[in-house]
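Here's the structure we're looking at; comments come further down.
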Amino acid sequence: MNATISEVKNYVGGEVTIGAWLANKRSSGKIQFLELRDGTGFIQGVVLKNEVSEQVWEDAKSLTQESSLYISGTVREDKRAPSGFELTVTGLSVIQIAHDYPITPKEHGVEFLMDHRHLWLRSSRQHAILRIRNQIIKATYDFFNDNGFIKVDPPILTGSSAEGTTDLFHTKYFDRDAYLSQSGQLYMEAAAMAFGKVFSFGPAFRAEKSKTRRHLIEFWMIEPEMAFCDHEMNLRVQENYVSYIVAQVLKNCANDLKAIGRDTTKLEKIKAPFPRITYDQAIEFLKEQGFDDIEWGDDFGSPHETAIAEHFDVPVFVTEYPTKVKAFYMKPVPGREDVVLCADLLAPEGYGEIIGGSQRIDDLDLMKKRYEQFNLNDPSYKWYLELRQYGTVPHSGFGLGLERAVAWICGLEHIREASPFPRLLNRIYP
RNA sequence: UCCACAGUAGCUCAGCGGCAGAGCAAUCGGCUGUUAACCGAUCGGUCGUAGGUUCGAACCCUACCUGUGGAGCCA
């Protein structure tokens with residue numbers, strides 16, 4: 001019977017054949033222990049010299065780390081095995097003997113592992129992280145589909161920048177200039193005016209020389225946008241969504257969280273509603289904490305964000321930032337033009353901003369004024385202004401960085417492990 | 001772009017002015033319950049690159065290259 005390692009528990013006492021790689025091997029004269037992996041899990045195969053043919057014994061002896069094979073054996077429950085099951089080997093067929101596999105069972109440095117990312121993905125730790133990433137992706141699709149959103153995909157190649165602040169990757173669009181998208185938000189606003197509630201999930205590119213544990217050059221972003229939705233409703237969607245993905249990971253990835261040593265008691269506290277503080281209050285708080293390098297009107301630096309987030313053990317919304325430090329499309333707080341209806345969601349444990357969101361300007365005249373202020377009268381922005389011209393409505397949305405969420409939920413030291421093939425400053429290989 | 005730290009065997013590191021080292025990996029041998037197995041042996045080097053100081057440089061100095069951490073910017 002062909003089986004995967006994850007299915008082996010259904011065949012106790014029976015004989016199975018598994019396609020696998022050799023993760024490690026320990027031998028002892030007349031007994032060999034083969035640590036096998038097949039992508040679904042790990043199992044130990046036990047080869048006994050006086051119970052198998054000479055050929056099987058010699059083939060087992062020839063196996064090296066990451067050699068590929070089909071292996072047959074009898075499934076047995078065993079308390080000594082980490083998974084509870086072992087395979088008493090009856091036969092094996094070598095596909096390929098691998099020579100000099102670079103990643104050994106000992107420790108390695110970051111540079112070496114990143115150079116071998118295509119092989120590093122085979123390790124149990126990377127497996128656990130990427131399975132949790134997959135669970136977050138699945139939970140994202142489920143959450144938005146179950147709440148009346150439809151997925152609409154914004155373009156990746158664009159003729160102009162969405163916010164004008166960050167550096168974009170430049171490319172050619174036949175004989176014209178084009179850029180890789182840093183955000184699909186403006187397009188999602190158009191989609192929201194067509195479908196009501198929409199979300200996107202796709203790659204974003206930022207050509208910034210950022211070099212920290214929180215930054216990727218290419219990352220995946222989830223960007224919901226909702227018509228007839230104000231700032232307050234927007235925050236509620238955000239806290240419900242984040243609580244949902246954390247709950248789904250806790251429910252469905254217990255083994256993976258254990259494999260990477262995540263303290264799940266910290267995740268169990270992540271339940272909506274989340275605390276909120278205004279920018280005004282945050283500035284006051286920072287002054288009390290002894291920060292003298294920030295004044296009202298400045299955007300927060302990393303140390304400021306960390307100080308605020310450390311004060312809470314759940315994510316915290318910082319709301320109503322000064323108009324001048326935020327994007328041109330954010331709606332001012334009624335009766336107070338100097339701050340806008342926006343919020344950043346700061347993750348606990350120093351993981352920084354995982355969501356940025358706002359209510360958007362719906363007033364045509366105000367948006368025209370912003371176009372003047374931000375010099376957006378280029379024809380490529382005309383369509384965005386027209387969204388306010390033909391049946392404008394209050395609307396809001398946000399963007400969540402997938403890898404930052406993965407890094408936080410997994411408790412990773414660095415965001416690079418949250419992406420299968422991370423693009424970092426000076427690294428586009430493999 | 002700026003600041004800090006680091007490049008020595010395939011990998012992780014020690015050596016810090018006087019003979020180039022260890023553990024792991026690899027290769028060979030031993031062991032019937034191993035879990036990063038263990039034990040013995042063998043193999044393994046342009047000390048990042050270029051220049052300088054010195055009787056003598058892996059070690060001190062200068063420049064460059066590469067990497068890592070951080071700042072700014074952001075999700």
Side-chain angles (χ1 to χ4, degrees), chain A residues 23-35 42-51 57 61 64-66 76 78-83 86 88 98-116 119 123-125 162-167 182-185 201-223 238 242 293 298-306 325-327 344-347 351-357 398-408 413-416 418-419 424-427:
Chain A
N24 201 359
K25 184 172 72 172
R26 290 169 285 273
S27 67
S28 183
K30 297 192 176 64
I31 186 168
Q32 296 183 62
F33 301 98
L34 310 179
E35 192 181 332
F42 289 81
I43 194 167
Q44 180 164 272
V46 182
V47 189
L48 295 156
K49 186 168 188 183
N50 57 17
E51 290 184 20
W57 178 257
K61 238 173 125 176
T64 55
Q65 195 188 357
E66 290 304 314
R76 189 164 42 72
D78 196 313
K79 288 201 184 89
R80 290 169 293 193
S83 71
E86 278 193 349
T88 303
H99 293 289
D100 298 323
Y101 185 70
I103 301 178
T104 65
K106 287 280 176 179
E107 71 215 37
H108 296 285
V110 171
E111 184 182 3
F112 179 81
L113 287 171
M114 289 304 298
D115 283 343
H116 296 86
L119 304 175
S123 77
S124 54
R125 176 181 165 82
E163 306 194 13
T165 51
T166 51
D167 294 319
Q182 57 160 331
S183 163
Q185 190 212 303
F201 178 47
F205 307 87
R206 307 258 165 109
E208 288 162 4
K209 307 253 182 193
S210 295
K211 230 185 124 174
T212 78
R213 69 181 72 189
R214 299 181 303 282
H215 285 90
L216 291 170
I217 303 301
E218 175 185 308
F219 63 99
W220 283 62
M221 190 152 60
I222 292 124
E223 292 183 286
Q238 291 172 46
V242 170
D293 56 346
D298 297 337
D299 203 357
F300 297 133
S302 244
H304 307 119
E305 276 189 3
T306 303
V325 302
K326 287 294 180 180
D344 286 351
L345 184 66
L346 308 183
Y351 285 92
E353 184 185 344
I354 54 171
I355 287 181
F398 63 95
L400 175 134
L402 174 67
E403 289 82 1
R404 281 202 184 164
V406 172
W408 161 51
E413 280 291 306
H414 197 295
I415 198 168
R416 63 183 158 231
S419 170
L424 300 160
L425 191 63
N426 301 329
R427 181 173 288 282

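Proteins come first, then strands; the chains are lettered A, B, ... in the order of their sequence lines, and each starts at number 1. What you see is a predicted model, and the numbers here were worked out from it, not measured in a lab.
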List every contact pair, protein side and nucleotides 39-45 of chain B side both N or O, where the distance is under 3.5 Å.
none

Could you check whether [X] gets within reach of a base, just the sugar-phosphate, or nothing at all, counting any heavy atom under 4.0 Å?
X	answer
A:Leu216	base
A:His414	sugar-phosphate
A:Gly301	sugar-phosphate
A:His215	base
A:Leu400	nothing

Set of residues satisfying ring pair (Phe, Tyr, Trp, His ring centres under 6.0 Å) with respect to [X], sequence neighbours excluded:
X	answer
A:His116	A:Phe112
A:Trp57	none
A:Phe300	A:Tyr279, A:Tyr321

B:C19 and B:A58, which share atom name P, separated by this distance in whole Å:
10 Å
What about A:Ser210, does its side chain sit under 3.5 Å from the base of B:C74 through a donor-acceptor pair?
no
Between the base of B:C11 and the side chain of A:His108, is there any donor-acceptor pair under 3.5 Å?
no
Looking only at side-chain atoms of A:Ile415, point me to the closest of B:G72, B:C74, B:A75.
B:A75
The side chain of A:Thr64 lies closest to which of these nucleotides: B:C11, B:U27, B:A75?
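Nearest listed nucleotide: B:U27.
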Taking [atom1] from [X] and [atom2] from [N], how many angstroms apart are they, rounded to a whole number?
X	N	atom1	atom2	value
A:Phe300	B:A71	CZ	C1'	18 Å
A:Gln185	B:C74	CD	C1'	14 Å
A:Arg213	B:C73	CZ	P	18 Å

Distance below 4.0 Å between A:Arg416 side-chain N/O and B:G69 OP1 or OP2
yes
B:G72 phosphate, OP1 or OP2, under 4.0 Å from A:Arg214 side-chain N/O
no
Paired stems touching RNA chain B, three or more consecutive Watson-Crick or G-U pairs with both distances under 3.5 Å?
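When the pairs of RNA chain B are grouped into runs of at least three, the stems are B:1-7 with B:65-71, B:10-13 with B:21-24, B:26-30 with B:38-42, B:48-52 with B:60-64.
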Within the 4.0 Å limit for protein heavy atoms, which parts of nucleotides 28-38 of chain B are touched? Write it as a string from 5' to 3', B for base, S for sugar-phosphate only, - for none.
---BBBBBBB-
Rounded to the nearest 0.5 Å, what separates atom CG in A:Leu346 from atom NE2 in A:His304?
13.0 Å
